Amino acid sequence: MENKELVLENTLVQALQEGFTRLEATVKRKARVEAKIDKDILPSLLLFAKEKLGYNHLSHIGCVDWIEDGLFEIVYILWHPTEKINLLIKASTERENAIMPNIDYIWRQANTYEREMREMFGIEFPGLVGRKDFILEDWQDIPPMRRDFDTEKYVNEHFFNRPGREDAKDVREQVAKRSGEDIPEFAKKYSRK
Amino acid sequence: MINDKNSQGIVDIIAEYARKQSLFIMAYGTGCGAIEIPPTLTSRYDAERLGIRGAATPRQADVLLITGYLATKSLKRVIRVYEQMQAPKYVIGFGSCTINGGMYWDSYNTINLLDKYIPVDVYINGCMPRPEAVIAGFEKLKELIQSGNALGWKKYEDNLEEYRENQKKVIVNWQMPDYNW
Amino acid sequence: MDLLIKILGALATVVLAFTVGMTYGGLTRKVIARIQNRIGPPWYQNFLDNLKLILKKEAVHHGFMQHVAPLWLIAMSITTLMFIPILKDGAWFTNFNFDGDLILLLYLMVIGSLGMALGAGQTGNPNSAIGVTRGLTQMVGFEIPWVMALVALMIQYETTSITGLMDAAEAQGTWLVFSSPFATIAAILAMPGMFRYSPFDIVGAPAELASGPVSEFGGKYLSTMMTSGAIFAFVKLTLYVDIFFGGASNLVELVVKTFILYMFPVLWGAVSPRFRTEQAVKFFWGWPVLFGIIGLIQASF
C-alpha cells in the first residue's frame, strides 16, 4: 500500500490526541511518530498503544541525560508489526531522586532495560523485581552513565596507565599538524583542552 | 630475572623442550579476540602442528590466553583461573587492550595494564592480532621457555602481596580465599 | 633367575604396551588432522605431552581418593595387560597368559573405571560427577553386546581361556571372525564405546563437560591417566586381535593388525558428531545386541 501522504502516521497522531489530552504528538518522518507525555500517565498510554492501537512490540527503552535541564528523558520505542511504524514515546523525570513508573507488567522484557537504567543512571523503578547488582559488580561511585561522572578521573584513580603513553591526543590538532593547516575558528571550541 | 644459559643441566634442557613443544591453552574469551582463536586452532592455521592445543580446564592448561579487553568483573574470574593452573604456567596477553587499555583506555569498567594484576610472559599487540601474529607470539613464548626465561609464575609467587594489593584495588568485595587452589 | 626373567619380561611388556599405545595416540591425532586437511602434530606429540605433564612442578589433589585414583587406574591397566597373550607362541611376553580367562578379564576391565569414579567423585567438580554418571551409563550400554559376543565364543568353543580360543582358531585353520561372524560383529560394534572416540565421547565431552571426570586432574595425575589410557588401549586392541583375528606370531604382525583394527573407531569418530547419552545406549542396545543374540543362537547349535 502506498503511504506517501503519511496517512497512517497522521491517523495515529489523531488517535493518540483523542485518547489523551496532555500529550504532544508529531510525525517526525515516514514510519516515525513521536509522542511526549507526562510520566504519571505513561503506563496508561503504553497500555493504550499496546491493546488498542496494536503496538505490541517494545523494541527498546533508552535514556538521555539532559544535564543542562536537570532531566532524564526516557524513550520507549514501540513497533507496529503490520503498519510498520515506530512510535517513540518520551517521558521525563528530574535528575535528583529520579523515579519512573515500572512497566514490566506490560512487557516483561522491560525488566532488563529498567534494571540496567537503575544501575547505569540511578533511576528508581518502584516494584522492580531483580537483584540490585546487574552488570556492575561492587560499584561504589555515582552511576557511571550519568554525564556528571568523570570517566577519565575515575580511570586515573583506579587503574594504571602504561608509562610513556602518548596517545589519547586531540584528533583535530594532530590532523592540523600533519596537514600544516590551521584549525578553523568555529572548530576550536570543540578541541579537547 | 635472566637465567644463565650455562646453568641449565641436560635434564632442564629436555624438560624445557617438552614444555615448549606441548602447550595446552586455556583461552579466556570474553574480549573480542576470542574470535581469532578458532581459526588459529583449526584447519586454516593449524596450531596443533606446533604442539598447541586447547585444554578444557585450568588444571590441565599451561598457557592462559587473555583475549582482548578485561572487564573488572571478569578480572576476578581470571585470577581464579590463573591460580588454579599448575606451575609452570604462562600468560599471553592478547591485543592492545591488555597492553595499555587499547580503545577502552578511559572506560570505567576495563582494566588497562594486565601485568599489574597477573604476570604476563608475552604480549601480542594488534587490534585484533591475526592468527599469524598469534602463532608468532607462541613462537616467542617457546623461545622464552627454552631459554628458561618464562618465569612469570615464579614472579607471581615471589610478589604475591604486591599483586594482591593491585587486584584488591579493583575487586572491592574480595570474597575469595587467599590463594585459590 | 627364573623369577628375574619373569620380572624383566613383565617390564618389557609394560614398556611395549606404553610405547605402542602412545604412538597410536599420536598417529591418531595425525590421521584426524589429515582428514581435516591439516598437517597435524608429529607422531611423538603424545610422548611430549606426557613428559611435560609429569614434569609439572605442582599437582593439586583434594583428598586421598583423588590421589589414589590414577594409581588405581594404571594398576588395573597393567594387571589386565599381564593376563593378555601378546604373541601367539614363543617365550617372550608370556606373563600370566595361561592363568587367567575371559571372565576374569571382564571383571578387571571394569574395576579401573570404578576407581576412577571414586576419585572423580572426591574432586567435588560437578562436571566430574556428570561425566562419571555418563561413563557408567555408557558402560551398561556397550558391555551387553560385548559380553554376549564373548559368551557366544565360550559356548561355541567350550573354553573360557584366551589361549584356548587361539588354539581353537589354529586347529580349525581360520580366524574366529570367519567361523563366528555374528559374535565378531557384535564385539566390533561395541568397540567404539570402549575407546570413547567421537560419537561416543559423551564421557569427556570437552566443550560440554570440560573433559568430564578428569577435569580436576592436572600435572602428574593427568600424566598417569594418560599412560594408563595408552596401555589400556593396547590391551583392548590386543585382546580383540587375539580372540577374533587369530593373534599374532611376531610384533610386526601384532602392530599391523592392531593398528588396522584401531582405525575403525578413530575413522568413525573423525566424521561423527557426539551422541547424547541415551542415543549411545540406544545404539548399543540395537544392532550390536541383535548380532549378539544371533551369535548366541549360532553358538548353541
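Labels below follow one simple rule: chain letters A, B, ... track the order of the sequence lines, proteins then strands, and each chain is numbered from 1. For clarity, every value in this text was computed on a predicted model and none was experimentally measured.
- Ranked by heavy-atom pairs under 4.5 Å with chain C, the list B:Gly54, B:Gly51, B:Ala55 is led by B:Gly51.
- Contacts between residues 23-43 of chain C and chain B, defined by a heavy-atom separation under 4.5 Å, are made by C:Arg29, C:Gln36, C:Asn37, C:Arg38, C:Ile39, C:Gly40, C:Pro41, C:Pro42.
- Residue B:Ala47 does not touch chain C at all, counting heavy-atom pairs closer than 4.5 Å.
- For the atom pair OG1 of C:Thr13 and CD1 of C:Ile78, the computed distance is 10.5 Å after rounding to the nearest 0.5 Å.
- One finds a salt bridge joining C:Lys52 and B:Asp62 here, because a Lys/Arg side-chain nitrogen approaches an Asp/Glu carboxylate oxygen to under 4.0 Å.
- For the pair B:Ser147 (side chain) and B:Glu143 (backbone), a donor-acceptor distance under 3.5 Å is present.
- Ring to ring, C:Tyr262 and C:Phe195 are close: their centroids are under 6.0 angstrom apart.
- Contact of B:Tyr45 with chain C is not made at all, since no heavy-atom distance falls under 4.5 Å.
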Below 3.5 Å, can you tabulate the donor-acceptor pairs from side chains in residues 125-133 of chain C to any protein atom, sequence neighbours excluded?
residue	atom	partner	partner atom	Å
C:Asn125	OD1	C:Asn127	N	2.9
C:Asn125	ND2	C:Ser215	OG	3.3
C:Asn125	ND2	C:Glu216	OE2	3.1
C:Asn127	ND2	C:Leu209	O	3.4
C:Ser128	OG	C:Thr123	OG1	3.3
C:Ser128	OG	C:Ser215	OG	3.2
C:Thr133	OG1	C:Ala129	O	2.6

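- Within residues 219-229 of chain C, the residues having any heavy atom closer than 4.5 Å to a heavy atom of chain B are C:Gly219, C:Leu222, listed by residue number.
- The distance between the ring centers of B:Trp153 and B:Tyr82 does not fall below 6.0 angstrom.
- Annotation: C:Trp268 is in aromatic contact with C:Phe283 [ring centroid separation under 6.0 Å].
- Contact check for C:Phe200 versus C:Phe142: no side-chain heavy atoms found under the 4.5 Å cut-off.
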* Given side-chain hydrogen bond (donor to acceptor under 3.5 Å, both in side chains), test B:Tyr123 with B:Asp115 step by step and report yes or no. => CA-CA 10 Å; B:Tyr123 275 121; B:Asp115 52 16; 3.2 Å; yes
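- Not a single side-chain hydrogen bond (donor to acceptor under 3.5 Å, both in side chains) links B:Tyr69 to another residue, sequence neighbours left out.
- Closest of all the heavy-atom pairs between B:Leu141 and B:Ile92 is CD2-CD1, 3.9 Å.
- Heavy-atom pairs under 4.5 Å with chain C peak, among B:Ala87, B:Pro88, B:Ala56, B:Ala18, at B:Ala87.
- Proximity of a side-chain donor or acceptor of B:Gln167 to a complementary backbone N or O of B:Tyr117 within less than 3.5 Å is detected.
- Note: B:Arg53 leads B:Gln21, B:Arg53, B:Arg44 in heavy-atom pairs under 4.5 Å with chain C.
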